[in-house]
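Below you'll find the structure, written out as C-alpha cells, and then a few comments.
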There are 2 protein chains.
Amino acid sequence: MTQASYSIKVVVQQTGLSSHVIRIWEKRYGAVVPLRTNSNRRAYSDAEIERLLLLRDATHAGHAIGSIASLPNDCLLRLIKGGSSSTLGDACPEEVQNRCMVAIRALNTRELEDVLQLGLLHLGQHGILERVIGPLAKTIGDLWREGIITAAHEHFASAIIRNFLVRNYKPFSQSADMPTLVVGTPAGQLHELGAVMVAAAANDLGWRVIYLGAGLPAAEIAGAALQNKARAVALSIVYPTDDPGLPEELRRLRSHLGSIPVIVGGRAAVAYAGVIEEIKADHPATLSALSKRLDAIREAAERAPIRAQGNSRTDPQS
Amino acid sequence: MTQASYSIKVVVQQTGLSSHVIRIWEKRYGAVVPLRTNSNRRAYSDAEIERLLLLRDATHAGHAIGSIASLPNDCLLRLIKGGSSSTLGDACPEEVQNRCMVAIRALNTRELEDVLQLGLLHLGQHGILERVIGPLAKTIGDLWREGIITAAHEHFASAIIRNFLVRNYKPFSQSADMPTLVVGTPAGQLHELGAVMVAAAANDLGWRVIYLGAGLPAAEIAGAALQNKARAVALSIVYPTDDPGLPEELRRLRSHLGSIPVIVGGRAAVAYAGVIEEIKADHPATLSALSKRLDAIREAAERAPIRAQGNSRTDPQS
DNA sequence: TGGCACTTGTCTACTTTTCGTCTAAAGATT
DNA sequence: AATCTTTAGACGAAAAGTAGACAAGTGCCA
C-alpha cells in the first residue's frame with residue numbers, strides 16, 4: 001500500500017506555513033519529522049499534515065511552539081478547543097458580561113475584544129458561549145427595545161462577537177462525511193447574533209455549517225438547504241415577537257423542506273409556539289439542548305445514511 | 001481487442017501536454033507505458049489517456065510528478081479532488097475569482113474558503129483584496145440585480161469573505177495613537193461587502209476601525225463617530241442606485257459630523273454624485289485611491305493633532 | 001534600568017535534485 | 001521529399017536541501 005506522500009510545496013499550500021517555518025520546526029523541535037525520499041526530500045503523510053495544522057492553530061492561539069511541539073495530537077486539540085478551561089474561578093460570567101456591555105456602549109472595539117478574549121481564557125469555549133454571549137444577546141435585545149442603546153450598538157456588537165467566534169472557533173479539519181446545517185434568520189428578523197451563536201456551536205460539534213445571515217425569505221433558505229443536501233435547518237428568532245408574516249413564512253419553509261428537521265431558537269420563539277408546533281420544528285430552550293438535538297439528528301442520520309425522502313426536485317433554482 | 005489506439009500527436013492534443021513531456025514521463029518515471037506498433041510507434045489506449053489527464057491535473061495541483069507517477073489512478077483522483085485546496089494552476093486573479101463564483105453559487109463553504117486562502121497565498125493581501133474580492137463584490141451585485149443569484153448567495157458570500165478577512169488580516173497591533181475610522185453603510189443599503197473591504201483595508205493601513213455593518217440611520221453613524229472621536233467616516237453604497245431618501249440621509253450625516261471627513265465608495269456612489277459633492281465627501285474610485293485618501297487624512301491629522309481643520313477636500317480625486 | 005540569555009520567525013548563501021525543454025540523428029509514414 | 005516519431009543526451013530554471021546569521025520579542029537578574 002503506497003500511502004500518498006506530499007512534497008513540502010503541497011504542505012505549504014495546505015497549511016499556510018512557510019517552508020522555512022516547517023523546516024525550522026522540524027530541526028529545532030522535532031515537531032514533525034517526515035520520511036525522506038531517496039534524494040533526501042521530505043515526504044509528508046496525511047497524518048503529518050494534520051499535525052502541522054494543529055500546531056499552526058495552537059501557535060496561532062498564543063502557545064509557544066517550543067513548549068507544544070512535543071505534545072501528542074489530542075493535547076494540541078485540547079489546547080486549541082476549550083482545553084485550557086482549567087476554570088480559573090476568579091472571573092465570574094456576570095463580571096465579563098458587564099464589562100462587555102460597557103465596551104459595547106462605548107463602541108470600544110478593542111476593549112470588547114480584549115474582554116471576550118479574557119473571558120474565553122477563564123470560562124472556556126463552552127462557558128463563554130453559554131454564559132456570556134448568550135445572555136449578552138438577550139440583554140442587547142432588551143436594551144435596544146427599550147431605546148437605551150441604538151441599532152448601531154447592536155450591529156457593532158454583532159460584528160465583533162461574530163469575528164471573535166470566527167477567530168476562536170476554528171473549523172475542524174473538514175471531512176466529507178460531516179452533516180450539513182443551514183443557519184440563518186427568516187425574513188423580517190434582523191438580529192443575527194443568535195444565528196452566529198448557533199453556527200459556532202454547531203461547528204464545534206462537527207457540523208459543516210452554511211451560514212446565511214439575517215433576513216432571508218423562506219424560499220431561499222430552503223433552496224440553500226436542498227442544494228447542499230442539508231441534514232437540518234436552524235433559525236434564530238429574536239425580534240419582533242409579533243410579526244404577522246412570520247408564521248406563513250415558517251409554513252412555506254416547511255413545505256419546501258419536506259421532512260428535513262427544522263430547529264427554531266431565540267428569545268421570541270415562544271411567541272410563535274403555535275406555528276413551531278404546527279410545522280414540527282424543534283425549539284430547544286438552551287444552547288445545551290440545541291447541542292443535544294444536533295447530536296441526535298446526526299446519529300439518526302448515520303444510522304440511516306441515505307435519506308429516502310421523496311425529494312423530487314433537488315434544485316429549485318429559478 | 002478492438003481497443004482504439006492513438007498516436008502521440010492525438011494524445012498531445014487531448015491532454016495539452018507536449019510530446020516531450022509525455023515521453024520523458026514515460027522514460028523517467030514509467031508513468032504511462034503504451035504499447036508499441038510494429039514500427040515502434042507509441043500506441044495509447046483510452047485508459048492511458050485518462051491516466052495522463054489525471055497526472056496532468058495532479059501535477060498542476062502542485063504535486064511533483066516524480067512522487068505521483070507510480071500511484072494508482074484512484075489515488076491520483078483523491079489527490080486532485082480531496083486536495084482541492086491546492087488546485088490553482090495559475091495565480092491569475094480571474095481564475096481565483098471564477099472559482100469563487102462557482103463556490104458561491106454552489107453555496108460551498110469549504111471550497112470558497114479554500115479558494116480564498118489559496119488566492120491569498122498567491123496574490124498577497126493587497127492582491128486578493130483589490131483584484132479578487134473587489135471585482136467579486138461587483139459581480140455579485142450585478143448578478144443579484146439580474147436575478148441570477150439570490151440574496152442567500154449574497155449573504156453567504158458576505159459572511160464567508162468577512163470571516164476570511166477577519167481571520168487573515170492583521171489581528172490588531174492596536175496602539176493608542178491610531179486614528180479611528182467608522183465604517184458602515186447608510187440606511188437602505190443592505191450590501192455590506194464593500195464596507196467589509198474598506199474595514200479590512202483601513203485596518204491594514206493602521207487605523208482603528210469601528211465597523212457598524214449595514215443599514216444604519218445617519219444619526220447613529222454620526223453618533224458612533226463623535227462618541228469615538230473618529231478621524232473619518234467611510235460609507236459603502238452599492239444598491240439601490242435610486243433611493244430617494246439617501247441624499248437627505250447623507251446631508252443629515254454631514255450636519256451631524258461637522259467637518260469630519262466623509263468617504264463614500266461603492267458601485268452606486270456615482271448615482272449620487274451631486275449630494276456627495278454637496279456634502280464635500282470624497283469618492284475614491286478604487287481601493288488604492290481610498291488607501292491614499294486615508295493616508296492623507298491621517299497625515300493631516302498628525303500634523304495638526306487637534307482637529308481644527310476646515311477640511312475642504314484636499315485631494316481632487318478624479 | 002540596562003544587560004544577558006533564550007525563543008522564534010525570517011533571511012541569505014550555496015549545493016543538490018527535479019523537471020521541462022531543446023538538439024541531433026536516424027527510422028517511419030505519407 | 002516532407003513530416004512525424006523515436007532515442008539519447010545536454011541544458012537551465014525552479015524547487016528543495018543545509019547551515020548559519022539576524023532581528024524582534026520576552027523574561028530574568030543584578
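In what follows, every heavy atom counts, from backbone to side chain, and hydrogens, waters and symmetry copies are set aside. Every chain is numbered from 1 and lettered A, B, ... according to where its sequence line falls, protein lines coming before strand lines. The shown structure was predicted, so the numbers you read here are calculated from the model rather than taken from an experiment.
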Would you say [N] has OP1 or OP2 under 4.0 Å from some side-chain N or O of [X]?
{"X": "Arg42(B)", "N": "dT5(D)", "result": "no"}
{"X": "Tyr29(A)", "N": "dT8(C)", "result": "yes"}
{"X": "Ser39(B)", "N": "dT29(C)", "result": "yes"}
{"X": "Asn38(A)", "N": "dT17(C)", "result": "no"}
{"X": "Arg36(B)", "N": "dT7(D)", "result": "yes"}

Could you check how far [atom1] of [X] sits from [atom2] of [N], rounded to whole Å?
{"X": "Ile24(A)", "N": "dA19(D)", "atom1": "CD1", "atom2": "C1'", "answer": "9 Å"}
{"X": "His20(B)", "N": "dT6(D)", "atom1": "NE2", "atom2": "P", "answer": "12 Å"}
{"X": "Ile8(A)", "N": "dT18(D)", "atom1": "CD1", "atom2": "P", "answer": "9 Å"}
{"X": "Arg41(B)", "N": "dT3(D)", "atom1": "CZ", "atom2": "P", "answer": "15 Å"}
{"X": "Ile22(B)", "N": "dT7(D)", "atom1": "CD1", "atom2": "P", "answer": "14 Å"}
{"X": "Gln13(B)", "N": "dC4(D)", "atom1": "CD", "atom2": "P", "answer": "11 Å"}

Need to verify one output field. Residue with the more 5' nearest nucleotide on DNA chain D, Ser7(B) or Arg28(B)? Ser7(B)
Using heavy-atom distances to pick each residue's nearest nucleotide on DNA chain D, tell me which of Lys27(B) and Lys9(B) is more 5'. Lys9(B)
Trace of the side chain to side chain contact (heavy atoms under 4.5 Å, CB included) decision for Leu55(A) with Tyr29(A): CA-CA 12 Å; Leu55(A) 288 169; Tyr29(A) 320 109; over 6 Å; no
Using the side-chain heavy atoms of Asn40(A), tell me which of these nucleotides is nearest: dT10(C), dT7(D), dT18(D).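 Selected nucleotide (nearest to the side chain): dT18(D).
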The side chain of Ile65(A) is closest to which nucleotide in this list: dT16(C), dT8(C), dT18(D)?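 Closest nucleotide to the Ile65(A) side chain: dT8(C).
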If you go through the side-chain atoms of Arg23(A), does one of them form a donor-acceptor pair with the base of dG9(C) closer than 3.5 Å?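 Between dG9(C) and Arg23(A), which were checked side chain against base, a qualifying N/O pair under 3.5 Å is absent.
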Closest non-hydrogen atom pair, Gln14(A) against Ile49(A): OE1-CG2, 3.8 Å
Thinking salt bridges, do Lys292(B) and Asp295(B) make one under a 4.0 Å N-O criterion?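 Salt bridge absent between Lys292(B) and Asp295(B).
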Steps toward side chain to side chain contact (heavy atoms under 4.5 Å, CB included) verdict (Ser18(B), Val12(B)): CA-CA 6 Å; Ser18(B) 78; Val12(B) 165; 5.9 Å; no
Side chain to side chain contact (heavy atoms under 4.5 Å, CB included), that's the test. Do Ile22(B) and Thr15(B) meet it? Break it down for me. CA-CA 10 Å; Ile22(B) 297 171; Thr15(B) 62; 4.3 Å; yes
Identify whether any heavy atom of Ser19(B) sits under 4.0 Å from a base atom; if not, whether one sits that close to sugar-phosphate; answer base, sugar-phosphate or nothing. nothing
